[in-house]
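Bear in mind the structure is a predicted one, so any value in this text is a computation, not a measurement.
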Amino acid sequence: VVTKNMTAATSVLTDLLTMFFEMENSQFQSCACTLAAALSNEASNTEFEVTKDMMKDKSDIKIFRRKFILLMRIIFEKLHIKRFLIDKKSSNIYRDVHCMTKLKEESDGMAIVFCVLCFLFQLCLIIYVILGDDGRVVLYDHGSFRDRDKLTMLPLAILSTILSYMRAETELKEVWSILYFYRSNKILKSLDIITNSVLPVVRSVFGFRLIFASETIIDAVLNVTALEYISEIDDMLPAMLHLPEDAIISNYLIQESIEDYIILSGLKDEHINRIFDMGASSLNNIHFDDIYVTNTPETGNDILTGNVFMPYYVKKGTRSDDAIVGTSEYVTDDCLLQRIEWRYTESLQNTCRPCVAYLKIWKLNGEVLEIKQKGVEPESLPYLPSQSLQGVYIITAFQMSESVVSLRLCGSQSVKDFKLAFEHYSLWPFNSSARRLLSKVKKMETPVVSIYEMARRSTKSTISLRRSSHVTKRQSVRSTLKSLRDSDRYKEETSEGYE
């Protein structure tokens with residue numbers, strides 16, 4: 001952000017983004033947790049060196065931190081899209097063609113033709129399903145339920161419809177990610193949303209009648225297969241066209257990051273301050289902690305040293321005084337901790353590698369567990385100082401011999417910040433039980449409404465501010481930067497709204 005050489009800056013940016021793309025997952029998660037803690041509370045934990053080439057005066061630390069937040073937001077926006085399209089295998093012909101169009105590939109004209117043909121083919125098939133054999137739009141025929149031969153198709157029709165609804169629900173949950181990805185490409189965005197959000201619902205409704213009205217069991221099975229095929233056409237077409245999807249998406253994200261950085265580098269300090277003053281940056285107010293309790297080095301999974309960086313679940317053992325600690329690929333309800341209290345061993349508490357002699361854990365579901373050094377009771381350690389954390393945390397590194405030799409904790413002081421941090425920084429996913437527990441605890445938390453939020457709710461003239469601060473819609477940083485750079489209406493709108 002501060003370099004005077006644009007070529008060097010964009011080169012470093014692309015190298016950094018490529019490094020994140022190619023990182024092994026545990027290495028990325030460890031780095032993301034460290035950056036999340038550095039960006040916490042408007043990057044208050046981040047310092048910059050005072051030099052003539054970078055920050056010339058210590059008083060400029062605030063604006064440098066804000067520039068750093070915006071730069072990291074550009075990177076994590078692209079990582080979010082990469083996780084959605086590549087890691088979750090959510091790419092299709094529409095999204096690939098959008099990337100090719102932005103990259104101005106030579107073959108993008110023919111790809112757009114295939115894109116339109118794919119949409120028309122899927123739409124035509126759905127229309128034929130709706131019309132049925134008699135060409136009438138009827139959900140079901142009452143006379144078919146009195147036909148005993150037709151009743152044999154009923155179980156298959158019901159099961160197929162239930163599975164179709166479940167799949168349609170999954171597609172609908174991705175609508176915000178789709179809107180965020182396309183930005184301004186209205187044509188491909190419309191085709192994608194209709195194909196992957198509207199048509200699955202229509203197929204679920206009218207597919208029941210098609211399967212139930214089948215003449216034979218084999219016809220019913222073939223109809224189920226055909227209905228599933230309709231939804232897969234746009235997903236299969238890139239492979240049929242031999243498109244290198246991962247490479248296209250990665251190149252697109254790198255190109256987009258360069259364009260975003262060019263816009264950011266052209267902003268004046270007053271424009272950047274406006275972004276934060278109106279709350280448009282969703283990364284500036286998230287509290288996140290990455291605590292190295294035993295002062296271990298920052299690393300992901302390392303086979304040579306035996307270090308593991310993953311969510312750890314904590315359960316009660318077979319005996320009342322035992323605790324089972326194990327790794328998990330995602331965050332479960334047994335990983336979520338409400339309070340952690342620990343005491344260091346007397347002999348190593350003042351060294352650079354302290355060990356934990358006593359660890360007490362309050363889980364978010366109400367369970368209380370103790371992990372202690374062999375042969376040591378907490379009553380025998382009254383002279384050792386006690387340390388504690390409270391909020392929503394998970395254990396991300398844990399090793400124990402006689403005492404706990406490695407302990408790393410990540411989390412936030414509230415459920416809201418915890419969930420926002422995991423979403424923005426593309427950390428581990430939650431399973432259904434963890435989501436339910438977090439939602440239950442969040443309802444019991446006392447909401448804190450800021451002065452800005454109260455002013456925003458009391459006026460209708462600041463719709464653009466409300467839209468840019470809505471986290472779930474993942475408003476892109478580019479639209480916010482461009483709107484502030486090209487317009488000075490902010491002062492007039494806010495002054496009128498607050499009056």
Side-chain angles (χ1 to χ4, degrees), residues 84-97 110-175 177-178 188 190-243 245 431-432:
F84 170 63
L85 294 179
I86 298 179
D87 298 346
K88 293 184 177 180
K89 307 295 183 183
S90 298
S91 59
N92 56 32
I93 186 63
Y94 306 108
R95 296 160 197 175
D96 291 345
V97 170
M110 185 58 64
I112 292 177
V113 173
F114 277 107
C115 204
V116 175
L117 291 176
C118 175
F119 173 76
L120 294 176
F121 185 43
Q122 289 179 289
L123 183 62
C124 184
L125 291 173
I126 287 294
I127 292 175
Y128 282 5
V129 170
I130 295 174
L131 296 177
D133 294 334
D134 52 4
R136 295 183 299 134
V137 181
V138 181
L139 288 179
Y140 61 87
D141 185 2
H142 293 281
S144 300
F145 286 92
R146 293 190 291 269
D147 190 344
R148 294 184 177 181
D149 294 334
K150 295 291 185 181
L151 291 178
T152 57
M153 314 299 177
L154 187 59
L156 182 60
I158 293 175
L159 292 175
S160 177
T161 303
I162 292 175
L163 291 176
S164 296
Y165 270 116
M166 294 173 63
R167 181 168 181 174
E169 182 184 7
T170 303
E171 297 287 350
L172 289 173
K173 289 180 179 178
E174 295 181 349
V175 170
S177 297
I178 295 173
L188 290 176
S190 301
L191 297 181
D192 196 351
I193 291 177
I194 293 173
T195 302
N196 293 287
S197 299
V198 179
L199 295 188
V201 178
V202 176
R203 183 200 66 208
S204 302
V205 174
F206 290 93
F208 176 87
R209 188 197 68 165
L210 179 67
I211 299 169
F212 186 69
S214 301
E215 295 294 333
T216 64
I217 294 177
I218 296 300
D219 288 341
V221 173
L222 292 176
N223 286 334
V224 172
T225 306
L227 288 172
E228 291 299 318
Y229 170 74
I230 294 175
S231 303
E232 298 292 336
I233 295 175
D234 58 320
D235 298 331
M236 297 187 300
L237 199 54
M240 296 171 59
L241 298 177
H242 303 289
L243 296 179
E245 294 185 88
N431 70 350
S432 57

Give, for atom CD1 of I126 and atom CG of L123, the distance between the pair rounded to the nearest 0.5 Å.
-> 8.0 Å
Is it true that a side-chain atom of Q122 and a backbone atom of I230 form a donor plus acceptor pair closer than 3.5 Å?
-> yes
Shortest non-hydrogen contact between D192 and R95, atoms and distance | OD2-NE, 2.6 Å
Candidate pair L227 and S164, rule side-chain contact (heavy atoms from CB on, under 4.5 Å), full reasoning = CA-CA 9 Å; L227 288 172; S164 296; 6.0 Å; no
Got a second to check how far L243's CG is from L237's CG, nearest 0.5 Å?
-> 7.5 Å
D234/T195 under side-chain hydrogen bond (donor to acceptor under 3.5 Å, both in side chains): CA gap, chis, key distance, verdict | CA-CA 8 Å; D234 58 320; T195 302; 5.7 Å; no
Are the side chains of Y94 and C118 in touch, meaning some heavy atoms are under 4.5 Å apart?
-> yes
Non-hydrogen side-chain atoms of F84 and I178 separated by less than 4.5 Å = yes
Count the heavy atoms of every other residue, nucleotide or ligand shown that sit under 6.0 Å from CD1 of I217, and state whether that count exceeds 12.
-> no
What distance do I112 atom CD1 and L117 atom CG have between them, rounded to the nearest 0.5 Å?
-> 12.0 Å
Please report the shortest heavy-atom distance between S204 and Y165, naming the atom on each side.
-> OG-N, 3.6 Å
Residues R167 and D235: closest non-hydrogen pair is NH2-OD2, 4.5 Å
Can you name the nearest heavy-atom pair linking E245 to D96, along with the distance?
-> OE1-OD2, 2.7 Å
Between L172 and S197, what is the shortest heavy-atom contact and its length?
-> CD2-O, 3.6 Å
Compile the donor-acceptor pairs under 3.5 Å between side chains in residues 154-161 and protein atoms, sequence neighbours left out, one pair per line.
from	atom 1	to	atom 2	distance (Å)
T161	OG1	A157	O	2.7

Working for side-chain contact (heavy atoms from CB on, under 4.5 Å), residues Y229 and I233 = CA-CA 6 Å; Y229 170 74; I233 295 175; 3.8 Å; yes
Derivation of the side-chain contact (heavy atoms from CB on, under 4.5 Å) call for F206 and L131 | CA-CA 9 Å; F206 290 93; L131 296 177; over 6 Å; no
Between the side chain of S214 and the main-chain N/O of L210, is any donor-acceptor distance below 3.5 Å?
-> yes
